[in-house]
S.K.: 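My questions will all concern the structure given below.
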Protein chains: 2
Amino acid sequence: MKTEKISELTINRLSVYLRCLNELADAGEQTVSSKTLAGRFNLNSAQIRKDLAYFGEFGVRGVGYYVEDLRVQLIKILGLVTEHRAVVVGAGNMGYALANYSGFKPRSFLIIGIFDSDPAKIGRVVRDGLRVMSVEYLKDFIREEGIDIAILTVPASAAEEVFALVTSAGVRAVLNFAPIQLHAPEGAKVRTVDLSISLESLSYFLANPSVELATE
Amino acid sequence: MKTEKISELTINRLSVYLRCLNELADAGEQTVSSKTLAGRFNLNSAQIRKDLAYFGEFGVRGVGYYVEDLRVQLIKILGLVTEHRAVVVGAGNMGYALANYSGFKPRSFLIIGIFDSDPAKIGRVVRDGLRVMSVEYLKDFIREEGIDIAILTVPASAAEEVFALVTSAGVRAVLNFAPIQLHAPEGAKVRTVDLSISLESLSYFLANPSVELATE
DNA sequence: AATTGTGAATTCCTTCACAGCC
DNA sequence: GGCTGTGAAGGAATTCACAATT
């Protein structure tokens, strides 16, 4: 494993590969070539080989990659062997939805707390064993429960403050849904999901149909 | 306005600039320089000037950009003058949340229908004037109501089929939350929001703290 | 024969640096 | 003097193309 700087784009693609490998494993496939894999997405096969080569030599020349092998490797690389414990901050519609989102790997990501500052929301049951707590207890909760990921679904106006709170409590990874650029301190990582930007880029596309946007 | 190919990255940044200009306008600022603007994000001022220069010469040398002017220009460029009419397909938690999401510009994006295939969900009131309809009526609804954006919150297994349905009905812009790569036909545009990828990239970061990921 | 791993070439994106203008 | 607009330079990501390997 090289100690090179690895692009976030590469990491995102590893997730995509892993998902695909899971499907291939379910389908009983033993091996897969970078070419076959590339065919599933709009990718060049060299891209896939390069991405994987950052982390080791996982393939076999003339054969391809052993599905199960590579799957296990990617799980390791992405840090999905260890369980991550997450909280949702902001118990609005989006917070509820994420607390109940079934798409997260339950082995890897557990949402074990949801917080809000609105007294009217505190105590509400989001699902079995999960009810809204006051942000007052957020800091202690993070420490006591070993939370390592915070998902922010608070309004933009509150995001910076909540972000400072969770990072000061030791959280180093934040998934931010507030439409604001958070300034991550050294050692912390923010991923922002900005739905307005997504919709507005679609709007641009609709308004400028002649212009070809790069496909994703 | 040049007929050059414009990167999606540029378009995304235009959204960011617009948001910032709205704030500046609210704060009563008359002008802003690319340098000031750049300071708000982690951007180079030349980047901002280049992004804007694709669409015209909006600045004044020695002065900067007139906030209100540029704001209006960006609204035009992003196609936000015309109202977009959207449907949500998939009335799960995420669908509900998006149908009620307050972060979308209400002048530009209207969610006027929500659909599901589950009979148990059909008829449920999502909010005032919006109740879940059967996907059976989706195609007709899109045509009759002039829907131009579809937001998919269906399971991955159903996404391709629903996608084919909405595009065949004339929708050319899709915001996809299903964890699957949709194959967009010529003339249609998909933006996928993949929450698992986001979380897994955070997991990678947590598992490899030494490795520096490019900041976003 | 097939497919990987990887230098070289290419394309795309960002930043520099400065002429031109207010 | 300050700031834009932009050609040129630099850097990053992708793709090509092929030697190495099974």
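So that the names make sense, note that chain A is the first sequence line, chain B the second, and so on, each numbered from 1. Keep in mind that what you see is a predicted model, and the values were worked out from it rather than measured.
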S.K.: Between A/Glu8 and A/Lys189, does any side-chain N to carboxylate O distance fall below 4.0 Å?
M.R.: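 A salt bridge links A/Glu8 with A/Lys189.
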
S.K.: What's the closest nucleotide to the B/Ser7 side chain, out of D/dA13, C/dC13, D/dC16?
M.R.: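 Nucleotide nearest to B/Ser7's side chain: C/dC13.
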
S.K.: If you only use heavy atoms from C-beta on, which nucleotide in C/dT6, D/dT15, D/dG5 is closest to the side chain of B/Glu57?
M.R.: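 For the B/Glu57 side chain, the nearest candidate turns out to be D/dG5.
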
S.K.: Between A/Ile48 (CD1) and C/dT3 (C1'), how many Å, whole number?
M.R.: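 Those two atoms, CD1 and C1', are 13 Å apart.
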
S.K.: Scan nucleotides 18-22 of chain C against the protein and return all N/O pairs shorter than 3.5 Å with their distances rounded to 0.1 Å.
M.R.:
{"from": "C/dG20", "atom 1": "N3", "to": "B/Arg61", "atom 2": "NH1", "distance (Å)": "3.1"}
{"from": "C/dC22", "atom 1": "O4'", "to": "B/Arg61", "atom 2": "O", "distance (Å)": "3.1"}

S.K.: A side-chain contact here means heavy atoms from C-beta on lying under 4.5 Å apart; do B/Leu37 and B/Leu24 qualify?
M.R.: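 Yes, at least one pair of side-chain atoms sits under 4.5 Å.
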
S.K.: Provide, to the nearest angstrom, the distance between the CZ atom belonging to A/Phe58 and the C1' atom belonging to C/dT4.
M.R.: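 Between C1' of C/dT4 and CZ of A/Phe58: 13 Å.
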
S.K.: Rounded to whole Å, how long is the line connecting atom CG of B/Asp51 with atom P of C/dC13?
M.R.: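 B/Asp51 atom CG is separated from C/dC13 atom P by 11 Å.
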
S.K.: Measure from CZ on B/Phe55 to P on D/dT6 and round the result to the nearest Å.
M.R.: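 Rounded to the whole Å, the gap is 14 Å.
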
S.K.: I'd like to check B/Ile77 versus B/Phe58 (side-chain heavy atoms, cut-off strictly below 4.5 Å). Are they in contact?
M.R.: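 Yes - at least one pair of side-chain heavy atoms lies under 4.5 Å apart.
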
S.K.: Is there side-chain contact between B/Leu130 and B/Asn100, with at least one heavy-atom pair below 4.5 Å?
M.R.: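 In short, these two side chains do not touch, never coming nearer than 4.5 Å.
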
S.K.: Considering only heavy atoms from C-beta outward, does the side chain of B/Ile75 approach that of B/Leu18 to under 4.5 Å?
M.R.: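 A side-chain contact exists here, since the closest heavy-atom pair is under 4.5 Å.
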
S.K.: Is there a side-chain contact between B/Leu199 and A/Phe104 (heavy atoms, below 4.5 Å)?
M.R.: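 Side chain of B/Leu199 against side chain of A/Phe104, heavy atoms only: contact under 4.5 Å found.
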
S.K.: From C/dC13, C/dT14, C/dG5, pick the nucleotide closest to the side chain of B/Gln47?
M.R.: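 Of the candidates, C/dT14 comes closest.
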
S.K.: So do B/Phe109 and A/Ser196 actually touch side chain to side chain, heavy atoms under 4.5 Å?
M.R.: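 No. Closest side-chain heavy atoms not under 4.5 Å.
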
S.K.: Is there a donor and acceptor pair, one atom on the side chain of A/Lys50 and one on the base of D/dT14, closer than 3.5 Å?
M.R.: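 Flag unset: no donor-acceptor pair detected.
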
S.K.: Rounded to whole angstroms, how far apart are CG on A/Leu9 and P on D/dG11?
M.R.: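 Going from A/Leu9 (CG) to D/dG11 (P), I get 19 Å.
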
S.K.: Mind calculating the distance between CG (B/Leu37) and P (D/dC3) to the nearest angstrom?
M.R.: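 Taking atom P of D/dC3 as the reference, CG of B/Leu37 is at 13 Å.
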
S.K.: Tell me whether the OP1 or OP2 atom of C/dG5 has a side-chain N or O from A/Tyr65 closer than 4.0 Å.
M.R.: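 It does, given that an N or O in the side chain of A/Tyr65 lies less than 4.0 Å from OP1 or OP2 of C/dG5.
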
S.K.: Determine, for B/Glu83 against B/Arg107, whether the closest basic-nitrogen to carboxylate-oxygen distance falls under 4.0 angstrom.
M.R.: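 Here B/Glu83 does not pair with B/Arg107 in a salt bridge, since their nearest N and O are not under 4.0 Å apart.
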
S.K.: Any side-chain heavy atom of B/Leu195 within less than 4.5 Å of one from B/Met94?
M.R.: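 Sidechains of B/Met94 and B/Leu195: in contact.
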
S.K.: Ignoring backbone atoms, establish whether A/Ser34 has a side-chain N or O less than 4.0 Å from OP1 or OP2 of C/dT4.
M.R.: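 True: A/Ser34 side-chain N/O within range (under 4.0 Å) of C/dT4 OP1/OP2.
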
S.K.: For DNA chain D, what residues of residues 18-31 of chain A have any heavy atom nearer than 4.0 Å?
M.R.: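 DNA chain D contact set from residues 18-31 of chain A: none.
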
S.K.: Nearest whole angstrom, please: distance from the P of D/dA12 to the CD of A/Glu8.
M.R.: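 In whole Å, D/dA12 P and A/Glu8 CD are 15 Å from each other.
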
S.K.: Calculate the interatomic distance between B/Tyr54 atom OH and D/dT4 atom C1'; express it in whole Å.
M.R.: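 After rounding, the reported distance stands at 16 Å.
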
